[in-house]
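Each ligand, and each atom within it, is numbered from 1 in the order the structure gives.
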Amino acid sequence: MEGTAAVNLAPGDNSTAALDVERVRRDFPILQETVYDRPLVYFDNAASVQKPRQVIEAMSEAYETYYANVHRGVHHMSQRSTEVFEAGREKVARFLNAPSPDQIVLTRGTTESINLVAASYGRAFLEEGDEVILSVMEHHSNIVPWQLLRDELGIVIKVAPIDDQANFLLDDFAELLSPRTKLVAITHISNALGTVVPIEAVVRLAHEAGAVVLVDGAQAVAHMEIDVQALDVDFYAFSSHKLYGPTGIGGLYGKAELLERMPPYQGGGEMIDVVTFEKTTYKEPPHRFEAGTPAIVEGIGLGAAIDYVSALGRETIAAHESGLTEYAGERLSSVEGLKLHSRAKERASIMAFEMAGAHPHDIGTIVDRAGVAIRAGHHCAQPVMERFGVSATARASFGLYNTREEIDVLVDALGRVKEIFG
Ligand SMILES: *Cc1c(COP(=O)(O)O)cnc(C)c1O
């Protein structure tokens with residue numbers, strides 16, 4: 001299924017095309033909804049993004065016209081389901097510029113992808129005293145799996161810092177590397193702050209120290225072009241639901257030589273070659289890591305989401321979002337008593353802030369009355385909240401369908417927060 005190319009293409013030039021945001025918005029049925037009689041302003045995109053009808057329709061079409069279990073049927077519907085589901089895997093491979101679809105393991109999402117690496121690669125190749133480096137900005141899903149491994153194996157976790165402007169400190173990271181560093185697990189874009197980590201430099205330094213690198217790409221896939229070969233990452237994890245696709249599916253890219261050496265971490269159907277009670281042999285990657293019936297229709301939806309985003313062009317989306325981020329930065333800093341935490345030089349369209357006298361939950365509740373959905377809380381990243389000495393922040397995060405007018409609605413609503421609490 002082809003996504004709709006809602007861009008203004010100047011002849012012979014698609015790199016600087018502006019996003020036709022009004023046309024894009026018509027692709028998202030939920031954006032027609034109202035909240036308390038106000039048009040919905042959806043700024044909770046870092047938690048999950050809304051879905052275009054192209055994705056919704058691809059999934060309905062699957063259920064209505066060719067749904068069956070995949071990979072084992074000789075009958076027509078099973079073959080058709082398998083074909084479209086596996087086409088989704090190929091689209092992921094092309095989207096990340098992976099050399100082969102066999103290097104894409106389909107999982108439930110970023111969390112499961114990271115747990116897979118910890119449980120399979122971690123248990124097989126790490127031992128007591130080995131070091132794993134994380135950053136202070138990690139989402140809980142890139143902290144807890146390593147703590148579970150620490151409890152099991154006695155590995156050591158080290159934490160790379162950021163400065164007060166939320167910039168990643170590459171030199172400090174480099175100093176943490178040692179001959180005992182076996183793995184670096186780091187986010188590409190912080191969901192709590194929007195900071196973009198210089199992955200290429202991190203990978204170069206980590207490889208020089210002999211460590212492999214797992215990148216948490218949950219935020220990055222929707223906002224920037226990802227080329228896993230150019231980045232030279234060893235593993236790259238992402239979720240479909242932050243990429244305009246459905247929940248329940250995502251992926252893990254891995255270098256072939258690593259995936260081939262990794263043992264299975266869950267057993268069941270789909271992942272085996274031959275089973276006897278004496279001995280079972282396993283399939284090659286990626287199927288070795290995909291026990292049980294996969295999220296079939298979700299995989300088909302993910303393929304449709306990738307078509308959609310690719311047709312718009314990630315550079316075009318990034319340019320639109322960086323315009324929004326710049327505008328929001330100016331408008332928000334004009335709000336009296338507002339303190340912006342997202343101030344890194346390299347950052348994506350995520351704005352975390354506080355307001356004097358108002359708890360983030362109060363901010364969230366008041367702007368909700370104006371139809372604006374933002375998030376208030378620790379954003380699944382409690383250590384970085386502690387880094388800034390807060391227990392929670394308010395966070396507005398933008399996606400490809402957001403507009404400057406919507407930012408104005410937020411800023412007006414924040415004016416009311418100021419009136420009440422200021
Ligand atoms: C959302 C997110 C995750 C977790 O993704 P799930 O889809 O919940 O598995 C991990 N890391 C970052 C940076 C995220 O934004």
Side-chain angles (χ1 to χ4, degrees), residues 42-51 55 92 104-119 132 134-148 159-160 162 166 168 184-199 202 213-224 226 231 233 235-253 289 294-295 298-299 301-302 305-306 321 341-342 344 346-352 373-385 387 393 395-399:
Y42 187 77
F43 283 166
D44 196 15
N45 295 287
S48 199
V49 298
Q50 301 296 346
K51 319 306 170 197
V55 168
V92 173
I104 304 298
V105 183
L106 294 172
T107 64
R108 280 198 299 126
T110 307
T111 303
E112 191 172 74
S113 294
I114 296 170
N115 276 277
L116 189 169
V117 175
V132 171
L134 315 176
S135 89
V136 70
M137 293 180 287
E138 297 313 311
H139 188 284
H140 296 159
S141 70
N142 197 26
I143 299 175
V144 184
W146 307 111
Q147 291 175 326
L148 293 172
V159 182
I162 55 175
F168 180 75
V184 174
I186 195 151
T187 195
H188 201 161
I189 295 179
S190 154
N191 67 303
L193 294 164
T195 301
V196 180
V197 173
I199 292 299
V202 165
V213 180
L214 161 84
V215 175
D216 170 353
Q219 291 298 331
V221 280
H223 300 296
M224 58 203 283
I226 308 293
L231 292 172
V233 294
F235 298 105
Y236 199 93
F238 77 98
S239 300
S240 148
H241 71 99
K242 291 181 178 167
L243 183 59
Y244 304 93
T247 53
I249 191 145
L252 175 72
Y253 157 80
F289 306 107
E298 288 76 6
L302 168 58
I306 288 177
E321 291 176 346
H341 288 293
S342 300
E346 297 295 329
R347 65 191 161 95
S349 54
I350 294 173
M351 309 296 257
I374 63 168
R375 181 145 297 238
H378 54 59
H379 317 296
C380 298
Q382 284 176 9
V384 79
M385 297 291 118
R387 164 68 180 77
T393 64
R395 180 186 72 186
S397 50
F398 313 125

### Query
Could a heavy atom of Asn142 be found less than 4.0 Å from some atom of ligand 1?
no
### Nearest neighbour in protein (non-hydrogen) for atom 10 (C) of ligand 1
Ser141 OG, 3.1 Å
### Message
Below 4.0 Å, non-hydrogen atoms only: which portion of Glu138 touches ligand 1? Side chain, backbone, both or neither.
### Response
neither
### Query
Closest heavy-atom contact between Met137 and Ser190?
SD-CB, 3.6 Å
### Message
Using the rule side-chain contact (heavy atoms from CB on, under 4.5 Å), only one of Leu134, Val132, Ile186, Asn142 pairs with Leu214; which is it?
### Response
Asn142
### Task
List the closest protein heavy-atom neighbour of atom 11 (N) of ligand 1: residue, atom name, distance to the nearest 0.1 Å.
Asp216 OD2, 2.5 Å
### Message
List the residues meeting side-chain hydrogen bond (donor to acceptor under 3.5 Å, both in side chains) with Glu298, not counting sequence neighbours, and say none if there are none.
### Response
none
### Task
For the pair Ser239 (side chain) and Thr110 (backbone), establish whether a donor and an acceptor sit closer than 3.5 Å, ignoring hydrogens and angles.
yes
### Summary
Ranked by distance from atom 9 (O) of ligand 1, the top protein heavy atom is Thr111 OG1, 2.5 Å
### Task
Give the single entry among His139, His241, Lys242 that approaches atom 1 (C) of ligand 1 most closely by any heavy atom.
Lys242
### Task
Taking all non-hydrogen atoms of both residues into account, name the closest pair between Gly301 and Pro246 and its distance.
C-CD, 3.6 Å
### Query
Among pairs that include at least one residue of residues 185-194, which meet salt bridge (Lys or Arg N to Asp or Glu O under 4.0 Å), considering only residues two or more places apart or in two chains?
none
## Note on the structure
Here the atoms of ligand 1 under 4.0 Å from any heavy atom belonging to Ala218 are 2 (C), 3 (C), 10 (C), 11 (N), 12 (C), 14 (C), 15 (O)
### Query
What heavy-atom pair brings Ser48 and His241 nearest, and what distance separates the two atoms?
OG-ND1, 2.8 Å
### For Ser239, atoms of ligand 1 separated by under 4.0 Å from a heavy atom
5 (O), 6 (P), 7 (O), 9 (O)
### Message
List ligand 1 atoms under 4.0 Å from Thr187, heavy atoms only on the residue side.
### Response
13 (C)
